[in-house]
Participant: 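Could you have a look at this structure, given as structure tokens, before my questions?
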Amino acid sequence: MSFPDAARVELDKAQQRRNLRKATTTIRAKRAAVVAEVPDWEPLRDEGARVKDEALHDLATHLERLEVAVTAAGGTVHWARDAAEANALVARLTRAAGSDEIIKVKSMATDEIGLNAALAAEGITAHETDLAELIVALAGDRPSHILVPAIHRNRAEIRDLFEAELGETGLSTDPAALTAAARRHLRERFLRVKVGVSGANFAVAETGTVCVVESEGNGRMCTTLPDTLITVMGIEKVIPRHADLATMLTLLPRSSTGERMNPYTSLWTGVTPGDGPRDFHLILLDNGRTATLADPVGRDALRCIRCSACLNSCPVYERAGGHAYGNTYPGPIGAILAPQLAELRDHTALPWASSLCGACYEVCPVKIDIPTILVHLRSRVVREQGAPPSERLAMEAMARVFASRRRYEAAQRGARLAGLAAHLPGPLRTWSGVREPPQAPRRTFRDWWRSR
Amino acid sequence: MRIALFVTCLNDTFAPSAGRATVEVLERLGHEVVFPEEQTCCGQMHANTGYADLAAPLARRFARVFGGFDAVVSPSASCVAMVRGQYPGLVGETVPNVYELSELLVDVLGVEDVGATFAHRVTYHPTCHGLRGLGLGDAPLRLLRNVREIELVELPEAETCCGFGGTFAVKNADTSAAMLTDKLRCVLDTGADVCTAGDSSCLLHIGGGLRRQRAGVRTLHLAEILASTG
Ligand code: SF4
């Protein structure tokens, strides 16, 4: 379903509308408060963008440095061109470790490649350990927010789900009780499962250090308890220097959860004998990123650090919700990332899923000019995929009218401007559904000007 | 100061009173306003709908028509944002010097009191292109605060988009309607009888919604309030 059709369905979900409104309003206020505390926030955003650009503009060099550093620290680096290669690698490494199950840290990259389903097809069970991801997985649902994947669910639904799926009885809807139930369920898996799988927020080329940022401590468990740790990271996550983490770790939590610092920041460099996993594998995932890098305007989307501030500030996301985007990455970042990482032809409606209000650009910690990229992608869709013929005709007709004063004034006189607009795909009907149509006054401005 | 007016195709055809008011305010302040009659459209709709190929000739045309003036004023933040933001990519170096009305008055001419009187309860919606596209800040509000007899009430969630977004209102009509509903609720909560803004496009959208609901609230372009003398 394309975005407008999916949104029509989602907009009627009253509970989801209320949840989204409440959650995004709260987090917007929290973000604004902690950002206001940082006197040099704007220069910091510039620096964040610069750090990411430095790595992206010479990506091969930075990735090779990362590979050398990780290997020197006792890890193994693998390169995956696409989802299938990455999934096959994880399956092979899991089996080589003698396991048929994995515990997972919440990760966008593994969602993007559909890792859980791919492993299931190979007879390997993936256990999500992030509370919201667990809820989504137990319900056979899809995440609808980068950071708060179960934002569309309420507590009563979660209680019912835990009673049905985790064998709990007599649970209350109290968040502490629900969390405790999840903890009982997860703890046993943390101690049993021998393979952990994570994504990465950052990876430092200089040192080979991988960084995962989280709130619940499940990530710390997954990256320290298992014998084998497999990290799947998009190649755009590399940053040049260890010192750059100072910038990124100031920007990320404040933009993301509206906290000064997130509760758990795990950093590891290869393997350390006697401490943590014995085997560390880093899978560098391309999956459309190199192709995205070839677009000089669109490539800025690869700076994204998945903070989700753009989702929380987006009036379209707040109302339509994450599922309407039909893609791993929802919201404004999804609207510019999905059409680039996958095939443009599969996501032709997404660049229009925005009123271009600019709220996303204003909050983005790495200054991705999302509205400009949206407009650029609209042009690419029209150019490469073709527009509906009626729209193209109307646009060409209006361009001809605007190209000549004589035609323009004739169109004004004959109210032909409104008439031409009627040839756009059903616009006057659509417009008049909820609004009175604009009436052109008898005298135009220029009529008045000439008469004074 | 001699100022060229870019009235915009939308105002010219659908909201001529916003253009007239712009002329009246500037002339009252002693400036000479000229209206190059060759002007048509800045190409914003084409550019933002994905037709950069059709927008480029319109942008070049605009640059020809307005290239000779020291200052161009427009009662439309979104068209000014189009010229400032997208013209460099379409026409290169020769981008005319275009100002949004409140920006010209407050930042360039240094005027905050334009000598207006308007005895109504008014709420102001800062449009996205004015607020974030041009960074107008509180320039429009400073002008409004100096209007005699006005009762200015703050709009809740003012900075949230009204849901117009050009062809967005057509291509994503349902989401646009949901955004409009929330904006109308905020406007009605103020108890104002006039909702004003610096963009006629957003006002046609908000005003169309208000009229459809028979809400009894008018929309007026900012320029019309500034031109009012009682
Ligand atoms: S695009 Fe910017 S604001 Fe949105 S998730 Fe990425 S980094 Fe955050």
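The sequence lines fix the lettering, A, B, ..., with proteins before strands; numbering per chain opens at 1. We use all heavy atoms of the structure for the numbers below, so side chains are in, but hydrogens, waters and symmetry mates are not.
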Participant: Establish, from distance only, whether the side-chain atoms of B:Glu24 and B:Thr22 form a donor-acceptor pair under 3.5 Å.
Facilitator: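 Distance-only check fails for B:Glu24 and B:Thr22.
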Participant: Are there more than 12 heavy atoms of other residues, nucleotides or ligands under 6.0 Å from atom CD of B:Glu154?
Facilitator: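 Not more than 12 within 6.0 Å, no.
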Participant: Out of curiosity, A:Ile336 CD1 to A:Cys310 SG, how far, rounded to the nearest 0.5 Å?
Facilitator: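 If we round to the nearest 0.5 Å, A:Ile336:CD1 and A:Cys310:SG are 7.5 Å apart.
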Participant: Out of B:Ala47, B:Ser17, B:Gly208, return the one with the most heavy atom pairs under 4.5 angstrom to chain A.
Facilitator: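 Result: the option with the highest number of such pairs is B:Gly208.
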Participant: Non-hydrogen atoms of chain B under 4.5 Å away: do they reach the side chain of A:Leu11, the backbone, both or neither?
Facilitator: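 The side chain, not the backbone.
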Participant: What part of B:Arg214 gets within 4.5 angstrom of chain A, counting heavy atoms only: side chain, backbone, both, or neither?
Facilitator: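 Side chain only.
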Participant: Does any backbone or side-chain atom of B:Thr175 lie under 4.5 Å from a heavy atom of chain A? Answer side chain, backbone, both or neither.
Facilitator: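 Answer is both: backbone and side chain atoms of B:Thr175 are under 4.5 Å from chain A.
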Participant: At a heavy-atom distance under 4.5 Å, which candidate from B:Cys128, B:Gly43, B:Gly165 has the highest pair count against chain A?
Facilitator: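 The residue among B:Cys128, B:Gly43, B:Gly165 with the greatest pair count is B:Cys128.
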Participant: At a 4.5 Å cut-off on heavy atoms, which part of A:Thr372 comes close to chain B: side chain, backbone, both, or neither?
Facilitator: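 When you check distances to chain B, no heavy atom of A:Thr372 falls under 4.5 Å.
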Participant: Under 4.5 Å from any heavy atom of chain A, what part of B:Leu131 do you find: side chain, backbone, both or neither?
Facilitator: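 It is neither, since no heavy atom gets under 4.5 Å.
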Participant: Are A:Thr444 and B:Thr13 close enough that a side-chain donor and a side-chain acceptor fall under 3.5 Å?
Facilitator: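 No, no side-chain donor-acceptor contact under 3.5 Å.
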Participant: Is A:Ser308 reaching over with its side chain to a backbone N or O of A:Leu311, donor-acceptor style, under 3.5 angstrom?
Facilitator: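 Looks like no, no N/O pair under 3.5 Å.
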Participant: For the atom pair OG1 (B:Thr196) and CG (B:Leu155), what is the distance rounded to the nearest 0.5 Å?
Facilitator: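 So the OG1 of B:Thr196 and the CG of B:Leu155 are separated by 11.5 Å.
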Participant: State yes or no: are the ring centers of B:Phe168 and B:Phe164 separated by less than 6.0 Å?
Facilitator: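 No; B:Phe164 has its ring centre 6.0 Å or more from that of B:Phe168.
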Participant: Please look at A:Trp449 and chain B and tell me whether the side chain, the backbone, both or neither of the residue comes under 4.5 angstrom of a heavy atom of that chain.
Facilitator: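 It is the side chain, since no backbone atom gets that close.
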Participant: Of all of A:Glu10, A:Arg378, A:Arg319, which one pairs up most often with chain B through heavy atoms under 4.5 Å apart?
Facilitator: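 Option with the top pair count is A:Arg319.
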Participant: Using a cut-off of under 4.5 Å on heavy-atom pairs, state which of A:Arg392, A:Arg406, A:His376, A:Glu409 scores highest against chain B.
Facilitator: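 That would be A:Arg392.
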Participant: Side chain, backbone, both or neither: which part of B:Gln39 has a non-hydrogen atom closer than 4.5 Å to chain A?
Facilitator: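 Looking at B:Gln39, backbone and side chain both touch chain A.
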Participant: Count the heavy atoms of every other residue, nucleotide or ligand shown that sit under 6.0 Å from CZ of A:Arg400, and state whether that count exceeds 12.
Facilitator: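 Check fails, neighbour count at 12 or below.
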Participant: Taking the ring of B:Phe6 and the ring of B:Phe35, is the distance between their centroids below 6.0 Å?
Facilitator: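 Ring centroids of B:Phe35 and B:Phe6 are no less than 6.0 Å from each other.
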Participant: Heavy-atom pairs under 4.5 Å with chain A: which of B:Ser78, B:Cys161, B:Gly133, B:Gly85 has the most?
Facilitator: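 Greatest number of close heavy-atom pairs with chain A: B:Cys161.
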Participant: Relative to chain A, which segment of B:Gln213 carries a heavy atom at a distance below 4.5 Å: side chain, backbone, both, or neither?
Facilitator: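 Looking at B:Gln213, nothing touches chain A.
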Participant: Rounded to the nearest 0.5 Å, what separation is found between the CG atom of A:Asn327 and the CG atom of A:Leu337?
Facilitator: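 So the gap between those two atoms works out to 7.5 Å.
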Participant: Non-hydrogen atoms of chain A under 4.5 Å away: do they reach the side chain of B:Ala18, the backbone, both or neither?
Facilitator: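 Contact with chain A: none, neither part.
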Participant: Tell me, for B:Thr127 versus chain A, whether the close heavy atoms (under 4.5 Å) come from the side chain, the backbone, both or neither.
Facilitator: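 Neither; nothing under 4.5 Å.
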Participant: Can you tell me if B:Asp12 and A:Tyr408 form a side-chain donor-acceptor pair at under 3.5 Å?
Facilitator: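 Side-chain D/A pair, B:Asp12 to A:Tyr408: present.
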Participant: Using heavy-atom distances under 4.5 Å, tell me whether B:Arg61 contacts chain A through its side chain, its backbone, both, or neither.
Facilitator: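 Just its side chain gets close to chain A.
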Participant: Answer with side chain, backbone, both or neither: which region of A:Val381 has an atom nearer than 4.5 Å to a non-hydrogen atom of chain B?
Facilitator: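 Neither part; nothing is under 4.5 Å.
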Participant: Heavy-atom distances under 4.5 Å only: say whether B:His205 touches chain A with side chain, backbone, both or neither.
Facilitator: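 Its backbone and side chain both get close to chain A.
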Participant: Pick one of side chain, backbone, both or neither for B:Leu204, based on which atoms fall under 4.5 Å of a heavy atom in chain A.
Facilitator: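 Both parts, backbone and side chain.
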Participant: Only one of A:Arg345, A:Gln385, A:Arg380, A:His347 passes side-chain contact (heavy atoms from CB on, under 4.5 Å) with A:Pro339; say which it is.
Facilitator: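 The passing option is A:His347.
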Participant: Counting heavy-atom pairs under 4.5 Å to chain B, which of A:Glu396, A:Arg21, A:Gln439 comes out on top?
Facilitator: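 It is A:Arg21.
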Participant: Side chain, backbone, both or neither: which part of B:Val34 has an atom under 4.5 Å from a heavy atom of chain A?
Facilitator: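 For B:Val34, the contact with chain A is made by the backbone alone.
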Participant: Go through the atoms of A:Ser313 and report whether side chain, backbone, both or neither lie under 4.5 Å from a heavy atom of chain B.
Facilitator: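 No part of A:Ser313 comes within 4.5 Å of chain B.
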Participant: Stepwise, does the side chain to side chain donor-acceptor pair (under 3.5 Å) test hold for A:Ser144 with A:His152?
Facilitator: CA-CA 7 Å; A:Ser144 67; A:His152 55 293; 2.8 Å; yes
